[in-house]
Student: 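Below are the structure tokens for one structure; questions will follow.
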Amino acid sequence: MNRVISYIAADVEGMDPQQLVETLADAGYTGIDWTLEQFDPLNEAPGALRELVGLAETAGLACPQLMIHQDYVTSDPELWEERVQITERALEAAAAAGIPTAGVVTGPNRWVPGWERPGETLSESGCWDLAIKALDRALLTANRVGVRLCLEPCWGTLA
């Protein structure tokens, strides 16, 4: 069994993808998990993610997972819908790019300006309702396009 030691490409805003894959390959990584810092599923064609996969593969890196760190805990219904649509389009792009797995979080994402603390604007059960409703839609899309969905229990989020 081939093992992939992959790097989640988060918090690398200043690094160009080519430089990032070269740095990771030189450091001995065998994979990169692209994030929505490198790909905007609402404003870029799905082929843009395929180009990132190709760039990584040229450097000898696998792309086992796309990280979709959307915050589903928000009292703004339009923002919630946009974040769910981002997730759905990112899952479709992952499938088209040959990325077999996508990772999501529940929210609240404390690293995003404007995040909402459970129990203040929204009750904790209301936060869970929003997260589960979003994850249900994500699972429907993931099943339809053939991508595994993984939940990342990230610091400060509900899960």
Side-chain angles (χ1 to χ4, degrees), residues 3-15 17 20-21 23-24 27 29-44 46 48-49 52-53 56 61-159:
R3 297 191 191 272
V4 175
I5 305 298
S6 196
Y7 181 88
I8 297 173
D11 301 321
V12 293
E13 292 94 349
M15 191 176 278
L20 181 58
V21 296
T23 299
L24 294 175
Y29 284 91
T30 55
I32 183 168
D33 296 333
W34 294 114
T35 72
L36 299 189
E37 288 179 28
Q38 294 83 35
F39 170 68
D40 179 352
L42 291 184
N43 296 306
E44 293 181 75
L49 184 58
L52 289 170
V53 170
L61 301 178
C63 296
Q65 184 167 234
L66 174 65
M67 299 307 295
I68 308 169
H69 291 137
Q70 293 300 297
D71 183 348
Y72 306 123
V73 175
T74 177
S75 58
D76 181 339
E78 289 178 11
L79 183 57
W80 180 88
E81 180 62 33
E82 178 181 320
R83 290 172 175 173
V84 174
Q85 286 181 11
I86 287 169
T87 302
E88 292 169 329
R89 288 197 184 151
L91 288 163
E92 291 165 350
I99 299 174
T101 305
V104 295
V105 297
T106 56
N109 295 358
R110 295 174 184 233
W111 59 91
V112 174
W115 70 277
E116 297 181 44
R117 183 180 306 278
E120 290 183 0
T121 308
L122 296 164
S123 69
E124 189 168 335
S125 66
C127 293
W128 275 107
D129 289 345
L130 289 169
I132 290 169
K133 185 176 163 187
L135 294 174
D136 282 344
R137 280 185 48 189
L139 280 168
L140 286 172
T141 301
N143 285 333
R144 178 176 53 79
V145 300
V147 171
R148 282 184 307 266
L149 194 63
C150 297
L151 178 64
E152 179 183 353
C154 193
W155 68 273
T157 63
L158 295 172

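These numbers were taken from a predicted model, which means no experiment stands behind them.
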Student: Quick check for you: to the nearest 0.5 Å, what is the distance between L151 atom CG and L158 atom CG?
Tutor: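 Here the interatomic distance stands at 10.0 Å.
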Student: Could you grab the distance from atom CG of L139 to atom CD1 of I132, nearest 0.5 Å is fine?
Tutor: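 With rounding to 0.5 Å, CG (L139) is 11.0 Å from CD1 (I132).
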Student: If I take atom OG1 from residue T87 and atom CZ from residue R137, how far apart are they, to the nearest 0.5 angstrom?
Tutor: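 Nearest 0.5 Å value for the OG1-CZ distance: 9.0 Å.
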Student: Can you confirm whether Q70 sits close enough to L36 that some side-chain heavy atom of one is under 4.5 Å from a side-chain heavy atom of the other?
Tutor: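 The answer is yes, as the side chains (C-beta and beyond) meet within the 4.5 Å cut-off.
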Student: Is there side-chain contact between I99 and V147, with at least one heavy-atom pair below 4.5 Å?
Tutor: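 The answer is no, as the side chains (C-beta and beyond) never meet within the 4.5 Å cut-off.
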Student: Decide yes or no for R110 and W155: does some side-chain heavy atom of the first lie under 4.5 Å from some side-chain heavy atom of the second?
Tutor: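 SC-SC contact between R110 and W155 confirmed.
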Student: Under a 3.5 Å distance rule, please check whether Q38 uses its side chain to pair with a backbone N or O of L52 as donor and acceptor.
Tutor: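 No, because the side chain of Q38 does not come within donor-acceptor range (under 3.5 Å) of the backbone of L52.
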Student: Is R83 reaching over with its side chain to a backbone N or O of Y72, donor-acceptor style, under 3.5 angstrom?
Tutor: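 Not confirmed, R83 side chain does not pair with Y72 backbone.
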Student: Answer yes or no: is there a side-chain heavy-atom contact under 4.5 Å between Q65 and S6?
Tutor: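 Side chain of Q65 against side chain of S6, heavy atoms only: no contact under 4.5 Å found.
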Student: Is the closest side-chain heavy-atom distance between T74 and L130 below 4.5 Å?
Tutor: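 With C-beta onward as the side chain, the pair stays apart.
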Student: To the nearest 0.5 Å, what is the distance between CZ on R89 and CG on N43?
Tutor: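 Output value for this atom pair is 9.0 Å.
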Student: Do any N or O atoms from the side chain of E116 and from the backbone of S75 form a donor-acceptor pair under 3.5 angstrom?
Tutor: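 The answer is yes, because a donor-acceptor pair under 3.5 Å joins these two groups.
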Student: Give a yes or no on whether E81 atom CD has more than 12 heavy-atom contacts from other residues, nucleotides or ligands under 6.0 Å away.
Tutor: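 For E81, atom CD is crowded (more than 12 foreign heavy atoms under 6.0 Å).
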Student: Mind checking the CG-OG1 spacing from L66 to T101? Nearest 0.5 Å is all I need.
Tutor: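 Spacing of CG (L66) from OG1 (T101) equals 10.0 Å.
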Student: Among side-chain atoms of H69 and E37, is any donor-acceptor pair under 3.5 angstrom?
Tutor: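 On atom types as modelled, these side chains do not qualify, holding no pair under 3.5 Å.
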Student: If the test is side-chain contact (heavy atoms from CB on, under 4.5 Å), which one of T23, V12, L61, D33 qualifies with Y7?
Tutor: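 Among T23, V12, L61, D33, the one meeting side-chain contact (heavy atoms from CB on, under 4.5 Å) with Y7 is V12.
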Student: Just by modelled atom types, is the P108 backbone N or O under 3.5 Å from a matching donor or acceptor in the T157 side chain?
Tutor: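 No, because the side chain of T157 does not come within donor-acceptor range (under 3.5 Å) of the backbone of P108.
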Student: Just so I know, are the side chains of N109 and W115 near enough to count as touching, which here means a heavy-atom distance under 4.5 Å?
Tutor: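 Side chain of N109 against side chain of W115, heavy atoms only: no contact under 4.5 Å found.
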Student: Checking T35 side chain against A9 main chain: does a donor-acceptor pair fall under 3.5 Å?
Tutor: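 Between the backbone of A9 and the side chain of T35 there is a qualifying donor-acceptor contact (under 3.5 Å).
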Student: What's the verdict on side-chain contact (heavy atoms from CB on, under 4.5 Å) for I68 and L91, showing C-alpha distance, side-chain angles and the deciding distance?
Tutor: CA-CA 9 Å; I68 308 169; L91 288 163; 4.1 Å; yes
